[in-house]
There are 2 protein chains.
Amino acid sequence: MKNYSKQREAILEVLRCTDTHPTANWIYEKVRETIPNISLGTVYRNLAQLAESGEILSLHVADGFEHFDFVTAPHAHLHCKQCGAIIDAKLDIEPLSKLSNDLGFTPQNTIYVVYGICKNCKQ
Amino acid sequence: MKNYSKQREAILEVLRCTDTHPTANWIYEKVRETIPNISLGTVYRNLAQLAESGEILSLHVADGFEHFDFVTAPHAHLHCKQCGAIIDAKLDIEPLSKLSNDLGFTPQNTIYVVYGICKNCKQ
DNA sequence: CCCAAATCAGTAATGATTACTATTTTATTA
DNA sequence: TAATAAAATAGTAATCATTACTGATTTGGG
């Protein structure tokens with residue numbers, strides 16, 4: 001059902017080696033350094049597939065871009081409204097996925113996004 | 001700085017009277033019933049302004065649409081990957097924004113999205 | 001080696017959102 | 001009430017992240 005591809009491997013590798021939360025286009029530019037003729041569509045398709053299978057996390061914040069995260073363990077994302085940075089934060093509360101059972105909802109994963117202003121932008 | 005407009009009033013009224021989490025276009029269609037020649041751009045502009053001022057909540061989930069919520073108090077959103085429904089859920093944990101973080105981040109509001117499958121779609 | 005399914009590169013199309021402009025509305029002051 | 005500037009609007013055009021499509025290439029199992 002799911003075959004190996006060196007493109008997908010390279011995409012995962014790029015994501016593994018960054019601590020930011022890049023967009024598809026950023027990853028595309030990065031992967032092009034090793035696979036110059038890779039297609040942007042290929043990047044999108046593989047990212048969607050990896051997110052679907054739970055290997056990576058897809059993150060939608062209020063900047064109009066889809067962001068990706070190699071870390072799938074529950075954690076919070078602090079999104080600076082000014083500079084656009086997405087900062088990881090430890091989650092020292094119980095994940096929400098435990099809560100939603102009384103509604104008959106089967107949770108798969110939870111995204112926490114805190115909007116605000118980061119340290120740098122505040123001065 | 002901010003003047004009254006009957007268009008903004010109508011947009012807020014539509015949002016106040018729905019328990020779903022509509023998109024700009026859905027709100028546009030609804031407001032057109034009372035203001036037939038309102039412009040879609042006007043709906044977008046006012047929703048952005050209302051979200052910016054904190055009167056409503058802007059919600060980005062993995063369906064490519066921006067959704068809006070009249071309820072600004074912290075609560076979780078259960079998003080069904082199958083039918084696309086967004087269901088409100090009580091938040092019986094301490095909101096993330098209250099948590100002190102040593103990252104120097106100034107939180108303004110937090111969005112909680114739980115992805116999964118809803119009761120109906122599960123059968 | 002052979003074949004079917006999966007994946008790809010390259011390109012075109014989609015469509016939610018934003019930008020632009022000339023006109024109208026609002027709030028204030030005289 | 002009239003005059004004025006700022007804010008908001010309708011209508012339309014432009015943007016651009018993402019998706020869809022197509023014919024070629026790669027993968028994996030027998």
Side-chain angles (χ1 to χ4, degrees), chain A residues 1-15 20-53 55-69 79 81 84 86 113 115, chain B residues 1-15 20-53 55-69 79 81 84 86 113 115:
Chain A
M1 167 118 213
K2 191 170 171 181
N3 286 350
Y4 169 87
S5 90
K6 74 173 202 289
Q7 287 86 347
R8 181 162 53 243
E9 200 63 27
I11 288 166
L12 252 183
E13 182 62 17
V14 162
L15 207 46
T20 66
H21 301 73
T23 63
N25 197 67
W26 189 95
I27 294 166
Y28 169 61
E29 295 294 351
K30 208 72 179 174
V31 174
R32 280 221 286 182
E33 294 173 7
T34 53
I35 307 177
N37 72 327
I38 194 174
S39 171
L40 181 57
T42 296
V43 175
Y44 270 104
R45 181 165 24 79
N46 279 291
L47 287 170
Q49 189 187 90
L50 290 164
E52 176 62 27
S53 71
E55 294 177 74
I56 65 174
L57 215 65
S58 163
L59 186 60
H60 291 258
V61 297
D63 64 359
F65 298 91
E66 184 174 10
H67 295 261
F68 298 92
D69 194 342
H79 176 55
K81 284 175 162 178
I86 300 177
V113 181
Y115 291 95
Chain B
M1 168 118 211
K2 190 169 172 180
N3 285 351
Y4 170 87
S5 91
K6 75 174 201 286
Q7 287 87 345
R8 181 161 54 243
E9 200 63 26
I11 289 165
L12 254 182
E13 181 61 18
V14 163
L15 207 46
T20 66
H21 301 74
T23 63
N25 196 68
W26 189 94
I27 294 166
Y28 169 61
E29 294 296 350
K30 208 73 180 172
V31 174
R32 281 220 285 182
E33 294 172 8
T34 53
I35 308 178
N37 72 327
I38 193 173
S39 172
L40 181 56
T42 297
V43 175
Y44 271 103
R45 181 168 20 79
N46 278 292
L47 287 170
Q49 189 188 90
L50 290 164
E52 176 62 27
S53 72
E55 294 176 73
I56 65 174
L57 216 64
S58 162
L59 185 60
H60 291 259
V61 296
D63 65 358
F65 297 90
E66 184 175 10
H67 295 261
F68 297 92
D69 194 342
H79 176 55
K81 285 174 162 181
I86 300 177
V113 182
Y115 292 95

Contact boundaries on DNA chain C for chain B, cut-off under 4.0 Å to non-hydrogen atoms
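The contact span of chain B on DNA chain C goes from C:dA16 to C:dA27.
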
Holding to ring-ring contact (aromatic ring centres under 6.0 Å, His included), I want the full list of residues that pass it with A:Y115, two or more places apart in sequence or in another chain.
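By the ring-ring contact (aromatic ring centres under 6.0 Å, His included) rule, A:Y115 matches A:H79.
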
Among residues at least two apart in sequence or on other chains, which ones pass ring-ring contact (aromatic ring centres under 6.0 Å, His included) with A:Y44?
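Testing A:Y44 for ring-ring contact (aromatic ring centres under 6.0 Å, His included), a comparison that skips the adjacent residues, returns none.
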
Should B:Q7 be listed as having a side-chain N or O under 4.0 Å from OP1 or OP2 of D:dA10?
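Yes, because at least one side-chain N or O of B:Q7 sits under 4.0 Å from OP1 or OP2 of D:dA10.
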
Nearest-angstrom distance from the residue atom CG of B:L50 to P of D:dA7
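From B:L50 CG to D:dA7 P: 17 Å.
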
Quick one: B:E9 CD to D:dT9 P, roughly how many Å, whole number?
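It works out to 12 Å between those atoms.
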
Restricting to side chain to side chain donor-acceptor pair (under 3.5 Å), what partner residues turn up for [X], sequence neighbours left out?
X	answer
B:T23	none
B:K6	none
B:Q7	none

In sequence, state the C-alpha distance, the side-chain angles, and the governing distance for B:D69 and B:L15, and then conclude on side chain to side chain contact (heavy atoms under 4.5 Å, CB included).
CA-CA 7 Å; B:D69 194 342; B:L15 207 46; over 6 Å; no

Is there any salt bridge (charged side-chain N to carboxylate O under 4.0 Å, His left out) pair reaching into residues 35-44 of chain A, and which pairs are they, with sequence neighbours excluded?
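Qualifying pairs, neighbours excluded: none.
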
Qualifying salt bridge (charged side-chain N to carboxylate O under 4.0 Å, His left out) pairs with a residue from residues 21-30 of chain A, counting only residues at least two apart or across chains
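Qualifying pairs, neighbours excluded: A:E29-A:R32.
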
Sugar-phosphate means primed atoms, P, OP1 and OP2; the rest is base. With that split, encode nucleotides 15-30 of chain D 5' to 3' as B, S or - using protein heavy atoms under 4.0 Å.
--SBB-------BS--

Less than 3.5 Å apart, which donor and acceptor atoms pair up between the side chains of residues 33-41 of chain B and the rest of the protein, not counting sequence neighbours?
residue, atom, partner, partner atom, Å
B:T34, OG1, B:V31, O, 3.0
B:S39, OG, B:G41, N, 3.3

For B:R8, side-chain contact (heavy atoms from CB on, under 4.5 Å) partners two or more places apart:
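Result, side-chain contact (heavy atoms from CB on, under 4.5 Å) vs B:R8: B:K2, B:S5, B:N46, B:Q49, B:L50.
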
Axis-to-axis angle between the two ends of the helix from C:dC1-D:dG30 to C:dA30-D:dT1 (five base pairs per end, rounded to 10 degrees)
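The end axes of the helix from C:dC1-D:dG30 to C:dA30-D:dT1 are about 40° apart, to the nearest 10°.
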
